[in-house]
Every structure is written in C-alpha cells, then in structure tokens.
Amino acid sequence: MEKKDKEKKLLWSILFLLIAALTVWALVSQNKAFSLHSFAAYWRGAKKGWLLCALLAAFGFIAFEGAALAAACRPFGSRIRPTRAYLYAAADVYFSAITPSATGGQPASAYFMMKDGMAAGTAAAALLANLMMYTLSIVVIGAVIFTAHPGVFLSYGLAGKLLILFGCLAQLVMVVFFGLLLRDEKLLKRIADGGLHLLCRLHLLQREAQKREKLNAAMDAYRDQLLCLRGQRKMFFFVLLFNFLQRASSISVTLFVYLAGGGTWAEGMRVWATQGFAVLGSNCIPIPGAMGVSDYLMLEGFGNMMPAAEAANLELLSRGLSFYLCITVCGITVLLGYLLQKRRNHHAGIL
C-alpha cells in the first residue's frame, strides 16, 4: 500500500470511530428510557449460553464470506486455505465499513489475493461474482421476511417503510448491474475508461495514455477470466448459499441476544425479521449514513414490540456484537495479515 493510500485509510478509520461514537452517544442520550444502570442489569441477567451463540454468529459473518470467496476462486484453479480466505473476508468487511460507499472492501481483498500470487484479473472476476451473490442474498432474505412477516413491515412508520423499500430497490438495481458486468466486459471497460478520463481531466491522475495502456491489459486479462465463469452454476449456487448464511448469521446475533434476555422463540422470529428489515433499509444510502439508518430502523422496529428501555438495550448489545466487535476483529486480522505479509517479503528479499 502506498503512503497516500495508508493515510487515507487512517483518516477513514478515524472518521468511522467518530461516527460510531456519535451514533452510540445519540442512542444513549436521546432515548429517555435508556440508562447505563438498566443496560448493566440487562447484561448481568442475560443467559450467557445464548450470548455465546450471538458471539459465534458474529464471527460467522466473517467466516461465511471467506467460504464464499474461496468458492468463487475455484473455477480459476485457485484453492484457498481457510486462514487466507478468512483474511480476504476480514479485509473486505473492515475496509467496506470505514470507506465511503464501501469502496475499499474489494480492493483490500484483491491486495491480499494478489500478494498470494493470484492474477489481478482472477481476483477481480472472483470478487465481482461474490459481490453479486452477496447483493442477491440480501434480496432473497428480503423476500423471505416480507413473505413470512408482512406485519413487521407494516408496523413501521412512513419514513421506515420508505427506507426499507428504497433499500430493496437499490439491491435489485445492483444485482442487475453486477450481472451485466459479468456477462459483458465491454460495459465494465466503458465505465473504467470514463472513470480514468474523468480522473485525468480533474488532474487526479497523470499520464493518461500510460494508464490507459495498463487498463487495457488488465481488461484483456479480466475478459479471459470471465470465460471461466460461464456455465459455473454450481459455483454461483455455493457462493450465493455462503453469502445467504453470512447475512443470516449476522441477523441471528440479534435473535440470540433477544433470547439471552429471556425472549421467546415466537417473538424471536419477529425480532429476526425486524433486524432483516434494518439490513434492507440500511442499503438505501451508502456508508457512513447507512450506520444511522440501521440504528434508526432497529430502534423503531424493536420499539413496536417491547418497552423502549428493552428495545434500546437489545439494539445496543446486538449492534455492538454484530457490527462494532466484528469490525474490530477484522481490523486486527487485517493488521496482523499485513505485518506478516511485510515480514515474508522482507525474508524473501534477504534470501
């Protein structure tokens, strides 16, 4: 990673921490029913077995994405070790969270993939296939919860309903867009050409002819890799399955926290659906704004089912495990992976 790139990543990491702190502050200060005393009592009274399930589900969010990325790489003859797949997933999750519109996730994964010897075109094609199935998995979950729990959706106010519907529309558009990119590399080339030309016109990049030559070479490699994906229905099925399990695992953190607090399975399914709607709605706008939308939809949805204090406790604890703890673990994993990579490169240079 170049020095300027590292500085940008550090800046976005600080901004992410600031937004996270402001979000938690807004939750605890604006909710009159919330108090640290009640939250501490909620934590002490929670059943630790269910909290352990919630913790495992939070780590499942990373592990299942790693499995999806490994499956996406198999058509290219790449067998990814579980530890490396976990690192690729952690890089995607962490940098998607701290960069605007989640733009840093896939490049960060690609960085570690290419450091492991994977061709750039292979990494790009595998990541695009995974991103499409990730988006499709959210659509599938949306269809499930709309069908099984329409009453949960109807319980939201107008603002909540609009956020959820806009999130659904955004995911559908993205699925179609990613599908077109996988079927027609010329579309991606036109987009890349336009982006390169714009950056050069804005003087953010120099030597346009040289950059375009490199872009054309990369696109030729990408086109060859796309041919490996044609007819790979089994691969796409497993990538979709792992992405579905990834999202379901993350949503289940809230269910397990609710059960830890003494909730019932019957109401727990409605809690699961509420968390699913929060996931859908948070995709209506890019990160970092999506963080606030998710918290808003969770609080409103839980508030329709339980007392305000209990809703706040459930939101804060489940969000802390499924998002903030998960991001922290991913950040530590990426840092360790980067340091180990630098150490291997140093030893290779000496030898």
Side-chain angles (χ1 to χ4, degrees), residues 13 16-17 19-28 31 34-36 38-66 86 89-90 92-98 138 141 243-263 265 267-282 287-288 290-303 305-306 309-334:
S13 296
F16 167 80
L17 291 174
I19 293 174
L22 288 174
T23 300
V24 174
W25 173 82
L27 171 65
V28 301
N31 193 319
F34 178 86
S35 71
L36 291 176
S38 68
F39 182 75
Y42 181 80
W43 168 262
R44 288 194 301 269
K47 300 173 183 176
K48 299 308 183 282
W50 285 121
L51 287 181
L52 177 60
C53 291
L55 185 63
L56 293 175
F59 283 110
F61 182 76
I62 313 169
F64 282 123
E65 176 165 355
Y86 189 87
D92 184 14
V93 172
Y94 179 71
F95 285 106
S96 290
I98 68 167
I138 298 176
I141 286 177
N243 274 288
F244 178 86
L245 292 174
Q246 179 202 23
R247 266 301 168 188
S249 179
S250 179
I251 294 172
S252 295
V253 171
T254 306
L255 167 63
F256 292 136
V257 171
Y258 175 72
L259 294 174
W265 274 101
E267 280 297 295
M269 293 299 98
R270 293 184 64 212
V271 168
W272 199 94
T274 300
Q275 182 64 63
F277 282 123
V279 169
L280 283 171
S282 65
I287 289 173
M291 295 164 61
V293 172
S294 179
D295 288 319
Y296 169 79
L297 290 174
M298 289 172 70
L299 276 177
E300 182 180 354
F302 298 152
M305 292 183 285
M306 60 191 73
E310 186 179 345
N313 290 334
L314 174 61
E315 196 277 345
L316 187 61
L317 183 53
S318 59
R319 185 75 162 153
L321 291 174
S322 65
F323 187 70
Y324 297 114
L325 177 62
C326 184
I327 297 304
T328 301
V329 170
C330 287
I332 294 171
T333 302
V334 170

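Residues forming a side-chain hydrogen bond (donor to acceptor under 3.5 Å, both in side chains) with S322 (at least two apart in sequence, or on another chain): none. A46 pairs by the side-chain contact (heavy atoms from CB on, under 4.5 Å) definition with L51, A260, not counting sequence neighbours. With sequence neighbours left out, the side-chain contact (heavy atoms from CB on, under 4.5 Å) criterion links A54 to V253, F256, V257, L321. Taking the ring pair (Phe, Tyr, Trp, His ring centres under 6.0 Å) definition, one finds that W43 meets it with nothing, sequence neighbours left out. Qualifying side-chain contact (heavy atoms from CB on, under 4.5 Å) partners for T333, counting only residues two or more places apart in sequence or in other chains: Y86, L87, A90, V329. For Y296, the side-chain contact (heavy atoms from CB on, under 4.5 Å) partners are A159, L163, E300, not counting sequence neighbours.
Checking S252 against W272 by side-chain atom types alone, a donor-acceptor pair falls below 3.5 Å.
A donor-acceptor pair under 3.5 Å links the side-chain atoms of S249 to the main chain of A57, judged by distance alone.
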Inset, instruction - Starting from the C-alpha separation in whole Å, work towards a yes-or-no answer on side-chain contact (heavy atoms from CB on, under 4.5 Å) for T254 and F302. - result: CA-CA 11 Å; T254 306; F302 298 152; 3.4 Å; yes
Inset, instruction - Could you go through the side-chain contact (heavy atoms from CB on, under 4.5 Å) check for L280 and L297 one step at a time? - result: CA-CA 10 Å; L280 283 171; L297 290 174; over 6 Å; no
Inset, instruction - Begin from the C-alpha positions of I251 and V279 and carry the test side-chain contact (heavy atoms from CB on, under 4.5 Å) through to its verdict. - result: CA-CA 8 Å; I251 294 172; V279 169; 4.1 Å; yes
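The shortest non-hydrogen separation linking S294 to A278 is O-CB, 4.1 Å.
Counting heavy atoms from C-beta outward, N243 and F64 have side chains that stay 4.5 Å or more apart. For the pair L259 and K47, the minimum side-chain heavy-atom distance is 4.5 Å or more. Within the 4.5 Å cutoff, side-chain heavy atoms of D295 are placed close to those of R319.
Note that CG of L316 is 9.0 Å distant from CE of M298, once rounded to the nearest 0.5 Å. Separating the OG atom in S250 from the CG atom in L245 is a distance of 12.5 Å, to the nearest 0.5 Å. The structure places CH2 of W50 at 14.5 Å from CG of L55, a figure rounded to the nearest 0.5 Å. Taking CD1 from I62 and CG from D92, the interatomic distance works out to 11.0 Å, rounded to the nearest 0.5 Å. Considering CE of M305 and OH of Y258, their distance stands at 7.5 Å, rounded to 0.5 Å. Rounded to the nearest 0.5 angstrom, S96 OG and E65 CD are separated by 7.5 Å.
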